[in-house]
Amino acid sequence: MAVQRKLDSDSHLYLIDGSGYIFRAYHALPPLTRSDGTPVGAVQGFCNMLWKLLEDLKGEDQPSHLAVIFDHSGKSFRNDLYDQYKANRPPAPEDLVPQFPLIRDATRAFGVPCVELENYEADDLIATYTRQAREAGARVTIVSSDKDLMQLIEDGQVTLFDTMKNKRIDSEGVREKFGVTPDKVIEVQALIGDSVDNVPGVPGIGPKTAAELIETYGDLETLLAHAEEIKQPKRRENLIAFAEAARLSKTLVILKQDCDLPEPMEAFGTADPDAETLTDFLKSMEFRTLTRRVEETLGAPVSDETGSATAPIDRSAYACVTTMADLEAWIAEAQSAGVIAVDTETDALSACGANLVGVSLATAPGRACYIPLAHVHPDEGDLLGGGAAPEQIAREDALAALKPLLQDPSVLKVGQNLKYDLAVLSRYGVDVRPYDDTMLISYVMESGLHGHGMDELSELHLGHKPLSFKDVCGSGAKQISFDRVPLDKATEYAAEDADVTLRLHEILKPALGPRGKLTVYETLERPLPRVLADMELAGVKVDPQRLSRLSGEFAQKMAEHEDEAYRIAGRSFNISSPKQIGEILFGEMGLPGGKKTQGGAWSTDVSVMEKLAAEGHELPGAILGYRTYAKLKSTYADALKAAINSSTGRVHTSFSLASTSTGRLASTDPNLMNIPIRTEEGRKIREAFIAEPGNVLVSADYSQIELRLLAHIADVPELKKAFRDGLDIHAMTASEMFGVPIEGMDPMVRRRAKAINFGIIYGISAFGLAANLSIGRDEAKEFIERYFEKFPGVADYMEAKKAEVRDRGFVETIFGRRVHLPGIKDKNPNMRQFAERQAINAPIQGSAADVIRRAMIRLPGAIEAKGLNARMLLQVHDELVFEVPEGEAPALIALAKAVMETAARPALEISVPLTVEAASGHHWGEAH
DNA sequence: GTGTTCACG
DNA sequence: GACGTACGTGAACACC
């Protein structure tokens with residue numbers, strides 16, 4: 001609770017801008033309601049932020065006094081000065097309004113005074129308290145990211161603490177923002193105005209010009225008095241014409257330092273919050289995670305949502321199981337628990353090559369063990385040789401005992417990214433079932449909001465930072481494999497992972513139903529770890545000799561292009577350094593460089609270099625040639641050969657299930673989703689992907705699935721008819737748009753229509769289309785307009801998705817997969833527009849991803865039911881690759897087509913046919 | 001570790 | 001009024 005304490009020169013007053021906190025809490029988090037339907041998302045965000053701040057402040061530079069300051073309402077005395085002040089602000093969202101009083105309650109529950117004053121904004125109160133504290137000799141920290149408070153900064157005495165960037169702002173920070181010292185901020189703001197608050201300013205004057213003018217003239221009045229001297233005609237006219245607007249702006253941005261304060265600042269003395277008051281409040285809000293965190297910190301009895309005790313995470317309480325008797329006791333306990341968390345530890349990253357080193361189990365929160373199976377002495381493998389391995393249960397014995405538990409249909413096994421553990425245990429003959437995956441549960445509920453790795457989820461939901469792999473194994477050259485980690489440390493790490501996973505499951509799984517995502521999880525997520533683990537284990541056969549030969553050919557081509565480049569340039573340089581290429585082309589040769597990269601350097605990418613080549617310059621062509629072959633050699637020929645597993649002779653990729661925001665998979669180590677196909681040279685890589693003797697590869701891919709889904713989702717009659725009639729969709733689009741017959745169409749016209757069709761899926765812009773087709777922006781704009789005239793349903797779809805994401809913060813696929821796009825609330829208009837394009841693309845891309853997921857889930861069973869000896873090996877977004885005995889290829893093709901084409905059913909009936917094209921061959925290139 | 005480029009759908 | 005934009009990924013290399 002706050003206490004009375006006079007301020008003096010030793011005092012440090014913290015003033016928190018509560019309204020800024022509310023705004024951020026509301027927009028940063030997904031909507032959340034209490035079980036009675038009260039919206040509490042912003043309250044939760046506010047509480048989390050306040051708690052974190054109070055905890056962080058316990059370190060150095062502690063506050064002696066602290067208060068949260070709120071705006072009293074949307075209106076203040078500034079509205080009397082200027083009736084348009086903040087007039088362009090929309091009213092507070094409907095679900096935020098009832099949270100305002102709750103947030104005041106929250107503040108008081110934290111034992112922090114909350115202050116507001118009718119007719120004034122929070123900033124005015126902050127300014128007044130700041131002035132008074134300074135008069136008492138105290139230091140002041142204002143916790144806010146609002147630039148309007150920068151005028152109060154005094155170096156060493158008054159600083160602004162931006163919790164968003166976690167950084168203190170002094171006069172140097174003000175100079176970065178406004179280009180002037182804090183005492184000149186109001187002068188500059190008067191000129192710039194503020195579109196957010198509807199402060200007019202002077203048109204045509206932005207931050208740069210304003211700083212320059214104030215630097216020269218000192219203040220606004222002096223500047224206005226000398227306005228006639230300004231050289232730039234437009235600027236001069238505006239300064240004269242809008243002098244009054246500037247004066248008005250200045251009165252609006254100046255903060256009042258003489259409000260009648262509702263509370264004396266002596267009442268802001270700090271003390272720890274009362275544990276009971278605070279936890280009672282948090283429980284009434286149903287913030288389980290924060291309640292637990294607060295209880296842990298304040299030493300109150302810890303409880304979970306049912307009120308029963310849940311132990312805080314205590315790594316020293318975990319057991320290390322090294323005897324068979326112990327293991328059997330744990331297995332019995334697990335059996336009766338019914339829901340357990342499982343985690344495996346291995347000696348390498350790849351699930352397909354790693355050896356099982358240990359298994360951890362958690363049977364209840366805080367109750368977890370680690371069973372080491374193949375640990376060695378930490379010095380094992382060193383020159384001096386290792387000592388004796390620690391005592392542990394033999395791997396075969398332990399697995400034989402664990403297998404019935406892991407396969408018991410009445411015990412639910414919970415894992416975090418369980419695909420990895422499934423793959424590892426599969427190799428030891430254990431088929432884990434049934435299972436839940438906390439990573440995937442998080443993914444279906446909060447895709448797009450954050451990552452879904454265990455450490456991140458733990459911090460987010462448990463407020464607990466688990467031991468990291470690096471803490472235990474080190475990093476870089478000094479990294480050791482897990483089997484060399486001493487047992488005590490290994491136990492803390494491994495058992496904690498199981499404990500955390502089980503706790504996450506207790507929090508996340510029950511949220512699926514209320515959030516309406518249980519079906520998505522059960523049908524599109526839960527079955528996949530098993531399917532993908534089997535695909536990864538199967539791997540794909542790659543011919544190393546073929547790759548070696550290609551590598552040699554590419555090396556020769558690289559050398560040719562490199563020599564030619566040096567000959568043209570007249571000297572040698574590092575041809576793979578974009579920096580040096582830029583220096584030569586745009587520096588020494590003085591060519592006009594077009595684009596800049598993000599970092600401000602000259603761009604030397606294909607589009608730039610091709611443009612130069614078209615203008616007749618020789619060097620860019622040679623560099624591009626070199627790059628093409630360097631890429632093929634290093635990324636494909638050499639890397640792929642190195643990725644061949646020596647014991648299987650095959651390449652085993654890893655598919656990530658939760659790393660895209662849309663529901664697509666990703667492939668890593670190596671990435672087998674970006675194997676070249678578009679150019680003849682690149683396609684040669686595909687010839688190295690082969691089948692076992694007597695087998696062939698079958699490739700089955702959805703034809704135009706995204707455009708078909710667009711036709712269905714946006715309900716475009718012309719597109720749907722074209723797909724039903726089996727027309728060439730790009731030619732049909734061209735015919736509609738340009739009024740030319742499909743027969744004998746100019747390929748150039750079709751190409752344009754094709755680019756437009758792709759552009760539509762990406763949330764088209766005139767700029768993007770123009771760049772893609774190398775045409776003018778005006779022409780691109782005309783194309784788009786014409787397209788929308790012909791297909792108004794598509795334009796309607798786009799507007800609907802933009803409105804939806806602005807309104808709800810997310811969009812959904814046709815199967816209900818949700819994609820959150822928090823960028824839609826960003827203050828940067830570019831970020832918002834980006835989010836709008838994502839909102840257009842995500843339902844299309846994501847629905848296609850859902851369709852192929854459904855097919856993949858069904859295919860292994862369908863193959864088995866037909867008695868085929870085929871294996872599914874790869875997925876490449878709209879394509880599946882299988883390996884099958886040559887004679888069974890026709891049957892597999894028929895089956896794959898049938899399953900893939902009907903994959904949306906019975907959940908949905910798609911109003912256009914989803915057609916699949918399939919072929920077989922002795923290598924991947926041939927199967928296309 | 002970050003930035004640039006380029007391979008795929 | 002200028003700016004920066006097509007959607008979704010992962011890997012290699014240069015450079016700090």
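Just so we're on the same page: letters track the sequence lines, and every chain starts at 1.
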Open item on the list: From the set C:dG8, C:dT9, B:dT5, return the single nucleotide nearest to any side-chain atom of A:A666.
Closed with: C:dT9

Open item on the list: Please tell me if A:Q838 has a side-chain N or O lying less than 4.0 Å from either OP1 or OP2 of C:dG8.
Closed with: yes

TODO: Answer yes or no: does a side-chain N or O of A:S576 lie under 4.0 Å from OP1 or OP2 of C:dA14?
DONE: yes

Open item on the list: Without decimals, in angstroms, what is the distance between A:N841 CG and C:dT5 P?
Closed with: 17 Å

Open item on the list: Is there a side-chain contact between A:R837 and the phosphate of C:dC7, meaning an N or O under 4.0 Å from OP1 or OP2?
Closed with: yes

Open item on the list: Please pick, from C:dG8, B:dC6, B:dG9, the nucleotide with the shortest atom-to-atom distance to any side-chain atom of A:V606.
Closed with: B:dC6

Open item on the list: Whether A:T635 contacts B:dC6 is assessed here as follows: a side-chain N or O lying under 4.0 Å from the phosphate OP1 or OP2. Is that the case?
Closed with: no

Open item on the list: Just to be sure I understand the geometry, which residues of residues 626-634 of chain A put a non-hydrogen atom under 4.0 Å away from DNA chain B?
Closed with: A:R627, A:K631

Task: Over 12 non-hydrogen atoms of neighbours within 6.0 angstrom of NZ in A:K897 - done: yes

- [ ] Grab the CG-C1' distance between A:L874 and C:dG10 for me, whole Å please.
- [x] 15 Å

Open item on the list: Please report the distance, rounded to the nearest Å, between CG in A:L769 and C1' in C:dG4.
Closed with: 16 Å

TODO: Could you check how far OH of A:Y762 sits from P of C:dG4, rounded to whole Å?
DONE: 23 Å

Task: Spacing of A:M673 atom CE relative to B:dG9 atom P, expressed in whole Å - done: 11 Å

- [ ] Among C:dC15, C:dA6, C:dA11, find the nucleotide with the atom closest to the side chain of A:N772.
- [x] C:dA6

- [ ] Determine the Euclidean distance between corresponding P atoms of B:dA7 and C:dC3; express it in Å to zero decimal places.
- [x] 30 Å

TODO: Using a strict 4.0 Å threshold on nitrogen-to-oxygen distance, state whether A:K801 and A:E812 make a salt bridge.
DONE: no

- [ ] Looking at every strand, decide which applies to A:S765 at a 4.0 Å heavy-atom threshold: base, sugar-phosphate, or nothing.
- [x] base

Task: Secondary-structure notation, DNA chain C, from Watson-Crick and G-U pairs under 3.5 angstrom (| other strand) - done: ......|||||||||.

Task: From C:dT5, C:dT9, B:dT4, nucleotide with atom closest to A:S661 side chain - done: C:dT9

Task: A:F791 ring center near A:Y787 ring center (under 6.0 Å) - done: yes

Open item on the list: Is A:K579 close enough to C:dC16 that one of its side-chain N or O atoms is under 4.0 Å from OP1 or OP2 there?
Closed with: yes

Task: Of A:K802, A:R808, A:R806, the residue whose pairing with A:E804 passes salt bridge (Lys or Arg N to Asp or Glu O under 4.0 Å) - done: A:R808

Open item on the list: In this structure, how many angstroms lie between the P atom of C:dG10 and the CG atom of A:L640, rounded?
Closed with: 17 Å

- [ ] Can you tell me, in whole Å, how much space there is between the P of B:dC8 and that of C:dG4?
- [x] 29 Å

Open item on the list: Quick check for you: among B:dC6, B:dG9, C:dA6, whose closest atom lies nearest to any side-chain atom of A:R678?
Closed with: B:dG9

Task: Whole-angstrom distance between B:dT2 and C:dA6, as gauged at atom C1' - done: 25 Å

TODO: Ignoring the backbone of A:S659, work out which of C:dC15, C:dG10, C:dG8 is nearest its side chain.
DONE: C:dG10

Open item on the list: With a 4.0 Å cutoff (strictly under), does any side-chain N or O of A:S603 reach OP1 or OP2 of B:dT5?
Closed with: yes

Open item on the list: Between A:E687 and A:K684, does any side-chain N to carboxylate O distance fall below 4.0 Å?
Closed with: no

Open item on the list: Can you identify which nucleotide, out of C:dA11, C:dT5, B:dC6, has its nearest atom closest to the A:N671 side chain?
Closed with: C:dA11

Open item on the list: Output the rounded distance in Å from CG (A:D605) to P (B:dC6).
Closed with: 6 Å

Task: Integer angstrom distance from the P of B:dG3 to that of C:dT5 - done: 14 Å

Open item on the list: Does the Lys NZ or Arg CZ of A:K595 fall within the cation-pi geometry relative to A:W602 - under 6.0 Å from the ring centre and within 45° of the axis?
Closed with: no

- [ ] Specify the separation, in whole Å, of atom NZ of A:K208 and atom C1' of C:dC3.
- [x] 14 Å

